[in-house]
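Read through the structure below, which is laid out as structure tokens, and then see the notes.
Sequence lines set the chain letters: A, B, ... in the order given, protein chains first and strands last, and positions in each chain run from 1. For clarity, every value in this text was computed on a predicted model and none was experimentally measured.
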There are 2 protein chains.
Amino acid sequence: MKTIDIAGLSHRTGLPASTLRYYEERSLISSIGRKGLRRLFDATVFQRLALVALGRSAGFSLSEIEAFFSSDGSAFIDRKLLHEKAAEIDHQIQILQHVRDGLLHVAECPEPSHLECPRFQKMMRIAAKKQARAAKR
Amino acid sequence: MKTIDIAGLSHRTGLPASTLRYYEERSLISSIGRKGLRRLFDATVFQRLALVALGRSAGFSLSEIEAFFSSDGSAFIDRKLLHEKAAEIDHQIQILQHVRDGLLHVAECPEPSHLECPRFQKMMRIAAKKQARAAKR
DNA sequence: TTGCCACTTCAAGTCGACTTGAGGTCAAGT
DNA sequence: ACTTGACCTCAAGTCGACTTGAAGTGGCAA
């Protein structure tokens with residue numbers, strides 16, 4: 001079986017070795033053994049790291065990602081949670097679209113009065129509503 | 001002129017007083033004076049806070065939002081910066097769309113083999129590339 | 001066999017955005 | 001005039017996700 005040490009894994013993933021050790025400590029990945037003190041990983045670790053990357057991009061915390069990996073090693077079993085997160089992301093996309101439009105509006109509008117513009121105000125109201133939720137991330 | 005104290009402002013915005021003090025310390029908002037020790041705010045603070053909320057929703061750090069407020073108190077004057085940020089947000093929207101699709105794919109696919117699906121792998125590659133940036137937010 | 005240095009562990013530090021707590025002040029109601 | 005308690009300041013704590021540093025170990029080239 002082909003194995004890779006932490007330096008190689010770091011090189012191939014772009015993640016610092018410290019992060020990989022940290023992920024192992026958090027049980028997000030696992031090494032298949034040691035050569036002396038040194039960790040050895042096999043190819044499955046790449047998949048695992050890709051899933052972690054996906055989860056991070058989706059805004060999951062490491063704890064949440066941990067929860068996705070069930071005890072038997074299989075991953076992402078909770079479909080309901082996945083759908084919920086997808087919906088959350090959809091929502092965030094909509095907010096970002098409003099915010100982008102708001103920024104562009106401000107950039108285009110030559111007036112100092114864009115703060116009075118109803119379009120801008122509407123966008124701000126949307127942003128403000130989501131403040132509490134957004135601030136939690 | 002109508003003024004409001006920190007408790008009233010907190011009540012009307014939903015933000016804790018500690019957060020409002022913190023924002024004042026960061027120069028994101030300003031009080032118009034004091035009654036004894038107590039801060040007094042006027043109506044303009046609501047607009048200011050709405051802009052801060054907007055910025056936070058857009059994923060800006062408080063420092064970035066500070067930068068938007070120019071020294072003379074007017075806001076969002078740097079059109080180039082605004083366009084840049086809008087483009088950045090556009091980019092983030094695209095990533096989130098991929099991530100959402102990835103989550104849905106995993107949720108739908110009843111096989112343990114979704115990890116081999118080319119669509120999924122492509123999405124994961126995109127997510128992985130953006131990991132560093134996403135992790136910073 | 002020796003020596004280098006990439007790896008190891010473990011504790012502590014960092015960063016952003018706040019929150020919490022101790023100890024102090026003062027506006028306002030009785 | 002006194003008390004109450006909401007406000008004040010400033011320092012320190014928190015949380016998540018890592019990073020950094022010191023001190024130790026051992027694989028491998030010469």
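- As rounded to whole Å, 19 Å separates atom P of D:dC7 from atom CD of B:Glu25.
- In summary, B:Glu24 and B:Arg21 do not engage in a salt bridge, as defined by a charged side-chain N under 4.0 Å from a carboxylate O.
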Could you run down the sub-3.5 Å N/O contacts of the protein with nucleotides 26-30 of chain C?
residue, atom, partner, partner atom, Å
C:dA27, OP1, B:Gly36, N, 3.4

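- Residue A:Arg34 places at least one side-chain N or O under 4.0 Å from the OP1 or OP2 atom of C:dT9.
- Closest-nucleotide positions on DNA chain D for B:Glu24 and A:Ser63 were compared, and the one nearer the 5' end corresponds to B:Glu24.
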task = Go through the steps for B:Ser63 and B:Arg26 under the test side chain to side chain contact (heavy atoms under 4.5 Å, CB included), then give the verdict.
result = CA-CA 8 Å; B:Ser63 304; B:Arg26 297 285 308 256; 3.1 Å; yes
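- Residues B:Ala17 and A:Arg26 each lie close to DNA chain D; by heavy-atom proximity, the contact nearer the 5' end of the strand is made by B:Ala17.
- With rounding to whole Å, A:Arg21 atom CZ is found 8 Å from C:dC7 atom P.
- As judged by a 4.0 angstrom heavy-atom cut-off over every strand, A:Ser61 is placed among residues touching the sugar-phosphate backbone only.
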request  = Output, in order, the C-alpha distance, side-chain angles, deciding distance and verdict of side chain to side chain contact (heavy atoms under 4.5 Å, CB included) for B:Phe41 and B:Leu49.
outcome  = CA-CA 12 Å; B:Phe41 298 94; B:Leu49 284 172; over 6 Å; no
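- Note: CD (B:Glu64) to C1' (C:dA17) measures 14 Å, nearest angstrom.
- The side chain of B:Arg39 contributes an N or O atom lying less than 4.0 Å from OP1 or OP2 of D:dC8.
- Between A:Leu49 atom CG and D:dA17 atom P the separation is 15 Å, expressed in whole Å.
- Following rounding to the nearest Å, B:Leu20 (CG) and C:dT19 (C1') show an atom-to-atom distance of 13 Å.
- Side chain of B:Asp5, nearest nucleotide from D:dC8, C:dT8, D:dC7: D:dC7.
- Between A:Arg56 and D:dC18 there is a side-chain N or O to OP1 or OP2 distance below 4.0 Å.
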message = Would B:Tyr22 and B:Leu15 count as a side chain to side chain contact (heavy atoms under 4.5 Å, CB included) here? Give the steps.
response = CA-CA 11 Å; B:Tyr22 178 66; B:Leu15 295 169; over 6 Å; no
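- Environment of NE2 in A:His83: crowded, with over 12 heavy atoms of neighbouring residues, nucleotides or ligands closer than 6.0 Å.
- The side-chain heavy atoms of A:Arg48 and A:Tyr23, taken from C-beta on, include no pair separated by under 4.5 Å.
- Contact annotation: B:Tyr23 does not reach the phosphate of C:dA17 (side-chain N/O to OP1 or OP2, under 4.0 Å).
- One atom, OH of A:Tyr22, and another, P of D:dA17, lie 6 Å apart when rounded to the nearest Å.
- For A:Leu62 and D:dT19, the CG to P distance is 11 Å, given to the nearest whole Å.
- Residue B:Thr19 places at least one side-chain N or O closer than 4.0 Å to OP1 or OP2 of C:dT19.
- Under the 3.5 Å distance criterion, the side-chain polar atoms of A:Glu64 are matched with a main-chain donor or acceptor of A:Ser61.
- Heavy atoms of B:Ala7 sit under 4.0 angstrom from primed sugar atoms or phosphate atoms, though from no base atom.
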